[in-house]
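What follows is a single structure, written as structure tokens, with notes after it.
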Amino acid sequence: NSAPLRLHHIQGVEFLHGYRQPTAVCLGQTRPPYGGCLNESNQCTSSVMVFTLDLVEKAPNLIWATHKLPHDLHQIVPLPEPVGGMIGVCNNSVIYMKEHGKCFLQTLNPCAALGHELEKLKGIDIKDETALSIQLTGCSVVALSPTTLLFSVQPAGRLYFA
């Protein structure tokens, strides 16, 4: 695939499990956002691109990409096999993404529904768990097993297992 791999403001790169060749996911913005103004043009600006690293040709090959994700997507956590795929961590929600399969988003507090950004997410099922009242701004997430994640939420320093 010769599609250009272009993102502005790269936020993270992680290697994925379950591929024969070295495969990475890159989180970034398709256009630079302006955080002081969350208007129509600054919503759904995050993108995820998954690509293999061809060590012989010394070139990346795009496998799949997902665009128009929430603007506050700030971390990607690869999930080991047999689950596979990845979790995208936003300030007020989490997104599960996989190459072959349905994506879904789980809201974690009432702030996730502010504005109209969730309405713009195409092809993503949304599960409302706003009663949990968990905010993931500045959190760290690590996969402990294929089905268990550890969330370290700041500033309270609380730990959550999911």
Side-chain angles (χ1 to χ4, degrees), residues 5 7-30 32-33 35 38 43-55 60-114 117-118 121 123-162:
L5 301 176
L7 289 177
H8 297 277
H9 187 70
I10 302 297
Q11 293 172 274
V13 176
E14 298 285 340
F15 283 93
L16 295 178
H17 304 276
Y19 290 89
R20 290 183 305 147
Q21 293 182 315
T23 303
V25 58
C26 186
L27 168 64
Q29 305 287 325
T30 52
L38 189 58
Q43 293 182 1
C44 298
T45 57
S46 293
S47 289
V48 169
M49 292 184 173
V50 177
F51 54 93
T52 61
L53 300 173
D54 188 334
L55 301 177
N61 294 308
L62 184 65
I63 297 176
W64 63 279
T66 302
H67 302 287
K68 297 187 178 181
L69 295 168
H71 75 284
D72 61 346
L73 180 60
H74 59 83
Q75 184 179 359
I76 294 293
V77 181
L79 298 175
E81 294 295 329
V83 175
M86 67 194 88
I87 295 288
V89 182
C90 302
N91 292 343
N92 304 304
S93 59
V94 293
I95 303 173
Y96 174 73
M97 296 171 275
K98 192 171 186 175
E99 180 179 5
H100 301 290
K102 197 125 173 105
C103 298
F104 70 89
L105 179 139
Q106 184 170 342
T107 60
L108 298 175
N109 65 54
C111 294
L114 295 177
E117 193 167 32
L118 292 183
L121 299 176
I124 297 178
D125 293 334
I126 298 174
K127 184 177 180 187
D128 184 6
E129 292 291 339
T130 55
L132 294 173
S133 293
I134 298 172
Q135 187 171 15
L136 300 178
T137 305
C139 79
S140 293
V141 183
V142 65
L144 300 178
S145 75
T147 58
T148 306
L149 299 173
L150 175 64
F151 290 78
S152 173
V153 180
Q154 300 300 327
R158 290 191 173 153
L159 297 175
Y160 294 97
F161 286 98

(message) So which atom in W64 and which in M86 form the shortest heavy-atom distance, rounded to 0.1 Å?
(response) CZ2-CE, 3.6 Å
(request) Working to the nearest 0.5 Å, report the span between OG of S140 and CG of L159. (result) 10.5 Å
(message) To check you understand the geometry: which heavy-atom pair defines the closest contact between H17 and E81, and what is its length?
(response) O-OE2, 3.7 Å
(request) Write down the atom of A143, the atom of P78, and the distance for their closest heavy-atom approach. (result) CB-O, 3.9 Å
(request) Supply the atom-to-atom distance Q135 CD to L108 CG, rounded to the nearest 0.5 angstrom. (result) 10.0 Å
(message) Measuring only between side-chain heavy atoms, which start at C-beta, is V89 closer than 4.5 Å to C139?
(response) yes
(message) As an exercise, state the distance from CG of L73 to SG of C90, rounded to the nearest 0.5 Å.
(response) 4.5 Å
(request) Run the numbers on I76 and M97 for side chain to side chain contact (heavy atoms under 4.5 Å, CB included), then give the verdict. (result) CA-CA 10 Å; I76 294 293; M97 296 171 275; 3.9 Å; yes
(request) Start with the C-alpha gap between F51 and I63, add the side-chain angles, then the distance that decides, and say whether side chain to side chain contact (heavy atoms under 4.5 Å, CB included) holds. (result) CA-CA 5 Å; F51 54 93; I63 297 176; 5.5 Å; no
(request) Looking only at non-hydrogen atoms, find the nearest pair between D54 and N61 and report the distance. (result) CB-ND2, 3.8 Å
(request) Drop me the distance from N92's CG to I134's CD1, to the nearest 0.5 angstrom. (result) 11.5 Å
(message) My understanding is that only residues two or more places apart in sequence, or in another chain, count here; which of them pass salt bridge (charged side-chain N to carboxylate O under 4.0 Å, His left out) with E129?
(response) K127
(request) Using a 4.5 Å cut-off on heavy atoms from C-beta on, say whether the side chain of S46 contacts that of H74. (result) no
(request) Decide whether Q29 and S47 meet the rule of one side-chain donor and one side-chain acceptor closer than 3.5 Å. (result) no
Report, one line per pair, each donor and acceptor closer than 3.5 Å where one atom sits in a side chain of residues 20-28; sequence neighbours left out.
unit_1 : atom_1 : unit_2 : atom_2 : d
T23    : OG1    : Q21    : O      : 2.9

(request) Over all heavy atoms of both residues, which pair between Y19 and E99 is shortest? Give the atoms and the distance, please. (result) OH-OE1, 3.1 Å
(message) Working note: I87 + V141, criterion side chain to side chain contact (heavy atoms under 4.5 Å, CB included); need CA distance, chi angles, decisive distance, verdict.
(response) CA-CA 9 Å; I87 295 288; V141 183; 5.8 Å; no
(message) Between T137 and D72, does the side chain to side chain contact (heavy atoms under 4.5 Å, CB included) criterion hold? Intermediate values first, please.
(response) CA-CA 9 Å; T137 305; D72 61 346; over 6 Å; no
(request) Scan for ring pair (Phe, Tyr, Trp, His ring centres under 6.0 Å) pairs involving residues 128-162, sequence neighbours excluded, and state none if there are none. (result) none
(message) As a quick check of understanding, evaluate side chain to side chain donor-acceptor pair (under 3.5 Å) for Q75 and E14, giving each step before the final call.
(response) CA-CA 10 Å; Q75 184 179 359; E14 298 285 340; 5.9 Å; no
(request) Drop me the distance from K98's NZ to T66's OG1, to the nearest 0.5 angstrom. (result) 13.5 Å
(message) As an exercise, state the distance from CD1 of I95 to CG of L105, rounded to the nearest 0.5 Å.
(response) 5.0 Å
